[in-house]
Amino acid sequence: MKHLLLTSLFVASSITGAMAQKYFEKQVVFPTNATAAEKIDMASRVVPTKQQLEWQRMELTAFLHFGVNTFTGNEWGNGKEDPSIFNPSDLDCEQWVRTLKNAGFKMAIITAKHHDGFCLWPSKTTKHSVASSKWKDGKGDVVRELRNACKKYGLKFGVYLSPWDRNAECYGDTPAYNRFFIEQLTELLTNYGEVHEVWFDGANGEGPNGKKQEYDWDSVLSTIHRLQPKAVTAIMGDDVRWVGNERGLGRETEWSATVLTPSSLPQAAKNNTALNIDGMKNDLGSREMVAKATEMHWYPSEVDVSIRPGWFYHASQDNQVKSLKNLSDIYFQSAGYNSVLLLNIPPDQRGHIHENDSIRLCEFSAYLKETFSQNYLAKNKAWTGTNGKTYEYAVKKGATVNAFMLQEDITKGQRMEDFLVEALINGKWTYLGEGTTVGYKRLIQFSDCTPERIRVTIRSCRGTANIANAGLYYAKPIADNSEKLKLSDVDVKEWKIANGNNAMQSAIDGNIKTVYRGDGLQALTVDMGKDVSVKGFCYAPAADDNLKGTIYKYEFYVSNDGNSWTKCEASNEFSNIMHNPIPYFVRFGKAYNARYFKLVPTAEINGQQCTSIGEVGILTK
Ligand code: FUL
């Protein structure tokens with residue numbers, strides 16, 4: 001890192017020096033007097049490091065969320081869990097790795113420590129680990145078992161180490177926790193052979209002492225560079241960028257050479273505030289942004305999404321494994337949008353990848369193989385071109401196709417900005433599709449057709465675009481047979497708002513799409529019209545992109561008469577709803593007999609005074 005900064009700062013001292021340098025590995029700092037055109041030229045010559053390139057080529061990587069949450073049913077543990085609850089009945093990491101390998105995944109990343117602070121390896125830093133669990137009488141080590149399995153089957157291996165630790169007492173006492181964190185990192189990076197990706201989650205709340213932590217990213221990154229020089233660092237790291245959502249959705253315009261400064265770098269706050277950007281913004285690399293930027297980074301996007309609604313295994317979600325159609329769409333919008341897909345498959349309480357998930361993974365890999373093993377381009381040579389250049393491909397005779405792929409040679413930078421794809425059908429050039437960025441890979445889908453030739457036109461690029469590869473495919477249509485999610489076990493037809501705020505009826509009308517939005521943290525009070533054995537409830541946030549008013553913390557009450565209320569035992573937090581705004585199903589672990597219920601928001605996701613509800617339902621099972 002330091003070395004790169006020095007190189008770039010040297011470059012920054014003279015325009016001639018900067019222009020003379022052919023490529024800028026990972027970062028370029030623009031000379032202060034660089035013009036917009038000069039900046040674009042330099043931007044087109046920012047290239048990945050060797051590790052970033054290897055990482056990009058994997059395309060399919062897997063996340064394994066496993067830990068105390070697997071046994072409590074929570075998505076975010078609070079750090080107070082009794083370690084003895086961690087007790088997989090038949091942990092089989094080889095089954096995980098075989099399943100992933102057969103499905104075409106190239107790397108597995110394990111949640112060695114999630115926000116609850118529970119370590120899946122016997123860390124010397126804390127008692128909150130597998131060493132205090134019943135599993136293998138405290139002698140087990142999940143990280144080791146997974147590492148060995150990865151070695152046996154030839155899969156790369158990564159670790160997720162949550163910076164936010166809800167268990168560590170020193171969390172928030174900045175220097176003490178930084179030492180503790182580096183010690184944990186050091187254990188993981190020295191005792192388990194080669195590590196290929198280190199994943200630092202951005203979720204960052206207060207510790208058990210109510211304090212917030214300031215992390216020492218400089219030491220964290222230098223520890224990684226020293227101990228695992230071949231690893232990429234993700235999310236809070238500076239090699240791999242979070243795509244900005246947990247829905248499996250990349251950007252159509254996805255710049256790996258981006259103006260976003262990784263937040264672990266000291267200049268990040270200044271640079272990103274000046275450009276008014278963060279990792280969730282749509283435009284991270286247009287000409288306008290490059291003109292305003294002072295530096296650029298090769299900081300490619302990783303799309304993380306779970307195969308189930310939650311990141312951890314919950315038996316109640318066994319029938320909500322994403323459909324093949326869903327997964328295929330995710331593939332086209334992640335790997336096909338110049339990103340690496342990081343698909344989470346959470347092992348269950350046995351310590352197995354559940355049958356429903358592994359069957360779906362088999363279908364997914366069979367579908368990808370069937371689609372992409374047959375390239376219908378007759379000839380496929382690398383080519384280069386500047387603005388206005390067209391390039392034609394001959395097509396194998398009689399092939400019916402509906403997808404086209406382009407790949408840039410990113411070792412020479414990312415350069416394509418706008419391109420058109422046409423097909424010669426019955427002697428006439430016909431529009432097939434268009435795109436903006438290409439980068440490592442860009443897939444475009446269109447209706448079935450049987451072309452004689454394909455023509456690509458570069459409408460705009462930065463300097464000379466280097467096309468390394470192209471493909472023409474047929475992706476079979478897939479019916480979407482994902483089941484409609486049931487949000488309430490009790491029929492909502494008879495339900496009435498009990499506190500007079502009738503506008504809230506849209507929150508209990510059985511339709512997730514009719515969203516209630518109002519000012520203030522507003523309680524939803526409902527008369528169900530009859531006694532119900534209430535075992536839990538469902539809160540569905542707005543299903544559109546407007547998350548304002550989404551409830552983060554709540555209290556839930558029940559009553560028989562609408563006057564005296566009993567508070568139900570629940571976690572009182574829709575953990576992670578800000579990043580994963582899906583319906584949350586809360587189960588109390590016991591039944592309350594009641595005719596009325598009340599959902600009281602106590603905090604909105606961004607601390608605002610407003611409430612939005614897509615739908616609320618009651619669970620009786
Ligand atoms: C989020 C976390 O809060 C989730 O629990 C999960 O680990 C996901 C990958 O990142 O920010």
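Numbering of ligands and ligand atoms starts at 1, following listing order.
- Here is the list of ligand 1 atoms found below 4.0 Å of a heavy atom in D304: 9 (C).
- Near H65, with a cut-off below 4.0 Å to any heavy atom, the atoms of ligand 1 are 6 (C), 7 (O), 9 (C).
- A side-chain donor-acceptor contact under 3.5 Å links T49 to the backbone of Q52.
- Using a 4.0 Å cut-off to heavy atoms of E246, the atoms of ligand 1 that qualify are 1 (C), 8 (C), 10 (O), 11 (O).
- Ligand 1 has a nitrogen or oxygen under 3.5 angstrom from a nitrogen or oxygen of H114.
- Annotation for ligand 1: atoms under 4.0 Å from non-hydrogen atoms of H115 are 2 (C), 3 (O).
- In this structure, F312 has no heavy atom closer than 4.0 Å to ligand 1.
- At a cut-off of 3.5 Å, with distance as the only test, no side-chain donor of W298 or Q414 sits close to an acceptor on the other residue.
- Ligand 1 places these atoms under 4.0 Å from at least one heavy atom of F63: 9 (C).
- Checked by atom type and distance alone, the side chain of H114 never pairs as donor or acceptor with a backbone atom of W76 at under 3.5 Å.
- Looking at every heavy atom in both residues, E59 comes nearest to A335 through OE1-CB, 4.1 Å.
- Here's the thing with W199: none of its N/O atoms is less than 3.5 angstrom from an N/O atom of ligand 1.
- Looking at atom 11 (O) of ligand 1, its nearest protein heavy atom turns out to be D201 OD1, 2.9 Å.
- The aromatic ring centroids of Y313 and H65 lie 6.0 Å or more from each other.
- Among K441, R241, R442, the single residue meeting the salt bridge (Lys or Arg N to Asp or Glu O under 4.0 Å) criterion with E254 is R241.
- The distance between the ring centers of Y584 and F574 falls below 6.0 angstrom.
- Of the candidates N576, N74, N580, it is N576 that places a heavy atom closest to atom 4 (C) of ligand 1.
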